[in-house]
Amino acid sequence: MRSDTRAEVQRFMRGLVRRNEGELEFHQAVQEVAESIVPFILDHQAYRDARILERLTEPDRVVIFRVVWEDDQHRVRVNRAWRVQFNNCIGPYKGGLRFHPSVNLSILKFLGFEQIFKNSLTGLPMGGGKGGSNFDPKGKSSREVERFCKSMMIELHRHIGEDTDVPAGDIGVGAREISYLFGQYLRLENRYAGILTGKGLSFGGSLVRTEATGYGCVYFCENMLNHVGESLKGKSVSISGSGNVAIYAAQKCITLGAKVLTLSDSSGFIHIEGGLDRDMLEFVRELKEVRRGRISEVAEQFDQVTFHPDARPWKVPVDIALPCATQNELGAEDAKMLVGNGVRAVCEGANMPTELAGAHIFLDAKVLFGPGKAANAGGVAVSGLEQSQNALRLSWSASEVDSRLQTIMHEIHRTCVSFGDEGGFVNYVKGANIGGFRKVADAMLAYGIY
Ligand code: NDP
Ligand code: 2IT
């Protein structure tokens, strides 16, 4: 980066940090975008004059509210919830809800900010938003989760709508939670509308939405490899996480002939010497989606699997790494380890799983690095297709949705290449940031000053 550009990024970031004190994850997400966008803006006077980046980093609004519910011991419990409506210039706010004890405004702002670019990259008319609560679903009964969701919707329903804001799942929010939330919306509003995505198939959900983020991430990875004349077939893969994204990324890797060597959860990772097979994967799916157990149980059940407590999978030598758990789960030391072991591609199923320093290490080493806002866009893309099906009052077949998903991931890859090519090496971070930014920025310019 040229020194005047670097100085401009620093100046911009000083202002942002001052205005958003202590919001470290938000600072990190903006810094990553600013490193690509500031040089682009410096070459495009109109964006600079309209102060697009300053406007884009200030959410349209944030709703903060109290959620009170009763646990199984009849004790009154109080949580905090948020909906960050970040930017609706190219479509209704769209983005998931996260339930995790770590959830705070900084995390939801980073996620909502990234969502603007991701949603733009899909080519579908969706703005950026995110929400959630510091409610911890771990160890709660289904009745407790139900009471929490219903209470949350009593406030949330005023702020969402099929043409206003359409939430979906994220960490801790899957089919069960979406169903409780949707049922409560119907009771409160007395009207059926596609106000959430990730719904059950019998009440307006889309086929392939459950699989979409994991599948999309692997399609994106395959696109990156194909672009340099390689493919996933025969490659070894480490995956972190064992939730929605990780499970279906693993499934698609197996289908494409790759060997999945790891999975993880917040208690540690499992190393599968001979590679994950379909029986093991079905065990993991049932363990995580139904019984809500710990990943260590896989090692108790299968011989060739070892459990490594309190550790992440990045020390295992692999060709491909797919971080699919949470933010900042892959640091600079992990990146050096992966590069040292000859990693070829890193593709982010999770949102911002790689620390900024780690991403720089991958880019400097010319590793194919697919940032989350491009690589995990398949989930929200199929959410967008669910909205389309709801609006048309019909449902498409699995093969129809999957083929649209593959086309969208292919197009996102093409956009990244066209904005990120640096003399033969594709900088996918730059490509995704500029590609996602342009459409939103042009809409903002067209609307004038507001
Ligand atoms: P799930 O809740 O289904 O699974 C999350 C997984 O990550 C679990 O294995 C969980 O382990 C692990 N995890 C969560 N928090 C931590 C933590 N602080 N430290 C270590 N491990 C952790 O969520 P998803 O699979 O849906 O989401 C995973 C990632 O993908 C997130 O970054 C999410 O934002 C992103 N994403 C999700 C999309 C979707 O459609 N669902 C779309 C695009 C991105 P444990 O069970 O022990 O907590
Ligand atoms: O981070 C994400 O893109 C999601 N959690 C999915 C959002 C959505 O609206 O499907």
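Order of appearance sets the numbers: ligands from 1, and atoms from 1 within every ligand.
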The atoms of ligand 1 lying under 4.0 Å from a heavy atom of Arg294, numbered in the order shown, are 46 (O), 47 (O)
Examine Phe99 together with Phe148 and report whether their ring centres are nearer than 6.0 Å. yes
Go through Phe65 and Trp82 one step at a time and tell me if the ring-ring contact (aromatic ring centres under 6.0 Å, His included) criterion holds. CA-CA 6 Å; Phe65 55 101; Trp82 295 259; 8.7 Å; no
How far is atom 3 (O) of ligand 2 from its nearest protein heavy atom, and which residue and atom name does that atom have? Lys118 NZ, 2.7 Å
So for ligand 1, is Asn351 a polar contact partner (N or O within less than 3.5 Å, distance only)? yes
For a quick check under 3.5 Å, do Gln389 and Ser206 share a side-chain donor-acceptor pair by atom type? yes
Does Arg209 approach ligand 1 within less than 4.0 angstrom via side chain, backbone, both or neither, non-hydrogen atoms only? side chain
Determine the sole option in Ile107, Leu105, Asn351 for which the side chain to side chain contact (heavy atoms under 4.5 Å, CB included) test with Glu25 is passed. Ile107
Taking atom types as modelled and ignoring hydrogens, do the side chains of Arg83 and Tyr93 form a donor-acceptor contact shorter than 3.5 angstrom? no
Please work out whether the ring planes of Tyr428 and Phe220 are parallel, tilted or perpendicular, with thresholds of 30° and 60°. perpendicular
Can you find a protein heavy atom under 4.0 Å from atom 31 (C) of ligand 1? yes
Side chain, backbone, both or neither: which applies to Ser102 and ligand 1 if a contact is any heavy-atom pair less than 4.0 Å apart? neither
Heavy-atom distance to atom 1 (P) of ligand 1: which of Gly243, Gly174, Ser383 wins? Gly243
Where's the contact between Arg98 and ligand 1, heavy-atom distance under 4.0 Å: side chain, backbone, both or neither? side chain
Polar contact flag for Asn376 and ligand 2 (N/O pairs, less than 3.5 Å): no
For the side chain of Asp319 and the backbone of Ser236, is there at least one donor-acceptor N/O pair under 3.5 Å apart? yes
Using non-hydrogen atoms of the residue, decide whether Ala246 is closer than 4.0 angstrom to ligand 1. no
Are the side chain of Asp170 and the backbone N or O of Gly96 linked by a donor-acceptor pair below 3.5 Å? no
Between Asp60 and Gln85, a side-chain donor and acceptor under 3.5 Å: no
Report yes if Ser266 has an N/O atom closer than 3.5 Å to an N/O atom of ligand 1; otherwise report no. yes
Can you confirm if the aromatic rings of Phe110 and Phe86 lie within a centre distance of less than 6.0 Å? no
Proximity to ligand 2 by part of Arg209, non-hydrogen separation under 4.0 Å: side chain
Which atom names give the shortest non-hydrogen contact between Ala81 and Val67, and what distance separates them? CB-CG2, 3.8 Å
So, is Ser267 polar-close to ligand 1, with some N/O to N/O distance under 3.5 Å? no
Taking the minimum heavy-atom distance to atom 43 (C) of ligand 1, which of Leu263, Val284, Asn328, Thr213 ranks first? Thr213
Could you list the atoms of ligand 1 found under 4.0 angstrom from a heavy atom of Cys324? 28 (C), 29 (C)
Return yes when Ser242 approaches ligand 1 closer than 4.0 angstrom through a heavy atom, no otherwise. yes
Rounded to the nearest 0.5 angstrom, the SG-CD distance for Cys149 and Glu144 is 12.0 Å
Say whether Ala168, considering both its backbone and side-chain N or O atoms, lies within less than 3.5 Å of an N or O atom on ligand 2. no
Given Ile247, Asn244, Asn376, which has its nearest heavy atom closest to atom 26 (O) of ligand 1? Asn244
Over 60° means perpendicular and under 30° means parallel, so classify the ring planes of His308 and His271, tilted if in between. tilted
Proximity flag His100 to ligand 1, non-hydrogen atoms under 4.0 Å: yes
Do we see a donor-acceptor contact under 3.5 Å between the side chains of Ser141 and Asp72? yes
Tell me the contacting part of Ser264 for ligand 1: side chain, backbone, both, or neither, using a 4.0 Å heavy-atom threshold, strictly below. backbone
For Gly241, is at least one N or O under 3.5 Å away from an N or O on ligand 1? no
Taking Lys150 first and then Glu146, would you say they form a salt bridge - that is, a charged N and a carboxylate O separated by under 4.0 Å? yes
shortest atom 9 (O) of ligand 2-to-protein heavy-atom contact is with Lys94 NZ, 2.6 Å
Does Glu114 reach ligand 2, in the sense of a heavy atom lying below 4.0 Å from it? no
Heavy-atom contact check, 4.0 Å cutoff: does Ser240 meet ligand 1? no
Can you find a non-hydrogen atom of Lys138 under 4.0 Å from ligand 1? yes
Is Arg98 in contact with ligand 2, taking contact as a heavy-atom separation below 4.0 Å? no
Presence of salt bridge, Glu329 and Arg312, under 4.0 angstrom: no
Give the single entry among Val380, Val173, Thr210, Thr326 that approaches atom 18 (N) of ligand 1 most closely by any heavy atom. Thr326
Looking only at N/O atoms, are Val245 and ligand 1 under 3.5 Å apart anywhere? yes
Please identify which atoms of ligand 2 are closer than 4.0 Å to at least one heavy atom of Gly169. 4 (C), 5 (N), 6 (C)
Does ligand 2 have a heavy atom under 4.0 Å from the side chain of Thr213, from its backbone, from both, or from neither? neither
Suppose we measure from atom 10 (O) of ligand 2 to each protein heavy atom; which comes out shortest, and what is that distance? Ser383 OG, 2.5 Å
With a cutoff of 4.0 Å, is Glu329 in contact with ligand 1, counting heavy atoms of the residue only? no
Should you measure from each heavy atom of Lys130, which atoms of ligand 2 turn up under 4.0 Å away? 1 (O), 2 (C), 4 (C), 5 (N)
Nearest-neighbour protein heavy atom for atom 7 (C) of ligand 2, which is reported as residue plus atom name and distance: Gly96 N, 3.6 Å
